[in-house]
Amino acid sequence: MRRDDGVAEERETGQDDRLVVVGGGQAAFALIARLRALKDTRPITLISAEQSLPYQRPPLSKKYLLREMTLDRLLYRPESWYAEHAIDVRLGRSVTAIDRATKSVTLDDSTTLAYDTLALATGATPRRLPDSLGGTLDGVFTLRDYRDADRLAEEMRPGRHALIIGGGYIGLEAAAIARTLGLEVTLIEAANRIVQRVAASATSDILRNLHLSRGVDLREGTGLTHLLEHDGRVTGAELSDGTTIRVDLVIVGIGVSANDRIAHDAGIQTANGIIADINGRSSDPAVFAMGDCAVLPFADMLIRLESVQNAVDQAETIAANIAGTPTPYHPKPWFWSDQYDVKLQIAGFGLGHDETVTRAGQREGSASVWYYRQGTLIAVDAINDAKAYVVGKKLIETGTTPDKAAIENPATDLKALLAS
Ligand SMILES: Cc1cc2nc3c(=O)[nH]c(=O)nc-3n(C[C@H](O)[C@H](O)[C@H](O)COP(=O)(O)OP(=O)(O)OC[C@H]3O[C@@H](n4cnc5c(N)ncnc54)[C@H](O)[C@@H]3O)c2cc1C
């Protein structure tokens, strides 16, 4: 860079390198915000397929769907912030290809952009029902962006019958909103219990009882045979338990696929996600991957973490790496879900647990489920129990395993466990 008098200014290494960020979600925003907070002044272009500036996604299945929040309240920063921080934002544009040889990306309007460093923060896409089951009928929804939530909110009218396919967190949150808005709700889960992929059976039991008590017709071990239609609009569903139900709208919450196609097509290593190393680099050292689209090393496994915590923490670590300070990313997972008046908070990662201990909370309806693997505490699910969450998180982060009998005993002062 040259000053007005033509004298070259001293610059930190890399500050002239152009960073191109593909994606405009949680991870993309965390990356650019942290880079600018680190006083990194390199040119940044952010390309997002969405029409909106980056915004928070979690409220889409919570207060935004209830119409208690508007999109402008979900934005991380207003438009002026991007101008003030010299971020070149391209909205409504997708990157269709990466050319690693020339270090450039091609956009869907056929323009190309050169990069020195490329950050992929492309998120994930909800899995759809196959056409053969009725996946393309009117009245069938998935929930990923604010336009999905707007379309769905239009349809959620009292007295209507919603079929929710999938008993993961998105499906359960959608069920809670639908009941709150006065819809009849049937939720089917093909596995033998809800949240089976991510939680222990004790947590499934608590959530099942919650939804049954709120009038959800919850059927586990039940799949969809096919949807029924009239004039291209869903009207009913045949279920694998042999019943046929009336349906006005369907919400499909059967998981997501990582948006890794452009990386894969460019010869970057992928495995349902872009494989990133401990510093967030893909198999091409000039290309980083973060958030829902990235597969990363964690406790001897390669995993994808679909959470705000991971998107933010990983992106902020990558910002440090891009800015020149080699920094490893050691995930400290946490997650939350709001259903009716219940807040579920999860610390740690329960995959591979071999034992759980359930603890009754101090307040009615509060409880926590503590996960152990080979005798070590690895995760805690806290249901309306903030103290169990805070204490459990600290214990996991410090590698401390409390005695199981002490956890199970409601008289134990959890905070005292931190001192021991
Ligand atoms: C309804 C809902 C509720 C959730 N609730 C919670 C919760 O309670 N707690 C929690 O921790 N997590 C929750 N999550 C998960 C959390 O929101 C995600 O983990 C997080 O948004 C991941 O951030 P990301 O930046 O990786 O991806 P995203 O936020 O999905 O952003 C990816 C962006 O990239 C864009 N994009 C994709 N491909 C291209 C391309 N080729 N070119 C240009 N742009 C592209 C997409 O359009 C999108 O804007 C929820 C998610 C959803 C959908």
Side-chain angles (χ1 to χ4, degrees), residues 60-62 65-66 126-129 133-135 139-143 152 155-228 234-256 335-346 350 356 358 364-369 381-384:
L60 299 183
S61 52
K62 307 176 183 77
L65 194 55
L66 265 181
R127 291 202 190 97
R128 295 185 171 272
L129 282 184
L133 298 187
V140 178
F141 299 89
T142 53
L143 184 51
L152 184 54
E155 297 268 348
M156 293 179 101
R157 294 182 221 131
R160 285 189 139 192
H161 196 137
L163 170 65
I164 297 179
I165 303 177
Y169 288 119
I170 299 277
L172 293 174
E173 289 186 355
I177 299 293
R179 287 299 293 144
T180 305
L181 291 171
L183 282 82
E184 298 300 318
V185 175
T186 301
L187 187 150
I188 57 171
E189 166 55 60
N192 61 14
R193 61 180 177 84
I194 53 173
V195 292
Q196 185 182 44
R197 194 174 61 85
V198 286
S201 56
T203 300
S204 302
D205 294 347
I206 293 168
L207 294 175
R208 178 187 311 110
N209 288 337
L210 171 68
H211 285 274
L212 291 174
S213 73
R214 302 302 171 109
V216 174
D217 172 10
L218 197 159
R219 307 188 194 184
E220 294 162 301
T222 305
L224 174 72
T225 305
H226 63 92
L227 295 176
L228 306 172
V234 65
T235 55
E238 276 183 27
L239 305 180
S240 67
D241 61 7
T243 59
T244 300
I245 59 169
R246 186 195 119 199
V247 171
D248 299 305
L249 63 135
V250 178
I251 304 171
V252 181
I254 54 175
V256 297
F335 184 82
W336 81 96
S337 173
D338 297 326
Q339 297 168 38
Y340 312 100
D341 51 358
V342 168
K343 182 173 274 301
L344 168 69
Q345 292 167 290
I346 303 171
T356 59
T358 302
E364 203 191 324
S366 68
S368 51
V369 178
D381 296 344
I383 295 100
N384 275 347

* Asked: Taking the side chain as C-beta and beyond, is there a heavy-atom pair between R208 and L210 under 4.5 Å?
  -> no

* Atom pair CD1/CD of I164 and E189 - distance to nearest 0.5 Å -> 12.0 Å

* Asked: Are K343 and D338 ion-paired here, with the side-chain N under 4.0 Å from a carboxylate O?
  -> yes

* Between V195 and S204, which heavy-atom pair has the shortest distance, and what is it? -> CG2-OG, 3.6 Å

* Structure fact -> N384 meets the side-chain hydrogen bond (donor to acceptor under 3.5 Å, both in side chains) criterion, sequence neighbours left out, with none

* Asked: For R128, which residues count as a salt bridge (charged side-chain N to carboxylate O under 4.0 Å, His left out) partner, sequence neighbours excluded?
  -> none

* Below 4.5 Å, heavy atoms only, C-beta onward: do L224 and I188 meet side chain to side chain? -> yes

* To do: Scan E173, H211, R179 and name whichever one has a side-chain hydrogen bond (donor to acceptor under 3.5 Å, both in side chains) with Y340.
  => H211

* Donor-acceptor under 3.5 Å (T203 side chain, S201 main chain) -> no

* Within a strict 4.5 Å, meaning less than it, do heavy atoms of the I245 and L163 side chains meet? -> yes

* Can you tell me how far the CG atom of L344 sits from the OG atom of S337, to the nearest 0.5 Å? -> 5.5 Å

* Gap separating the CG atom of L187 from the CD1 atom of I194, nearest 0.5 angstrom -> 7.5 Å

* Smallest separation among heavy atoms of I206 and A367, with atom names -> CD1-CB, 4.1 Å

* Asked: Quick one: CZ on F141 to CG on L249, what's the gap to the nearest 0.5 Å?
  -> 6.0 Å

* Asked: Can you tell me how far OG1 of T142 sits from CG of L129, rounded to the nearest 0.5 angstrom?
  -> 9.5 Å

* Would you check, one step at a time, whether the test side-chain contact (heavy atoms from CB on, under 4.5 Å) holds for L172 with Q339? => CA-CA 7 Å; L172 293 174; Q339 297 168 38; 3.5 Å; yes

* Side-chain contact test, heavy atoms from C-beta onward, threshold under 4.5 Å: evaluate it for L152 versus L65 and give yes or no. => yes

* How about F335 and D381: do any of their side-chain heavy atoms sit closer than 4.5 Å? -> no

* Asked: Between T243 and R219, do the side chains contain an N or O donor and an N or O acceptor separated by less than 3.5 Å?
  -> yes

* Could you pull out all residues at least two apart from E155 that satisfy salt bridge (charged side-chain N to carboxylate O under 4.0 Å, His left out)? => R160, R233

* Asked: How many angstroms lie between CD in E184 and CG in D248, if you round to the nearest 0.5 Å?
  -> 10.0 Å

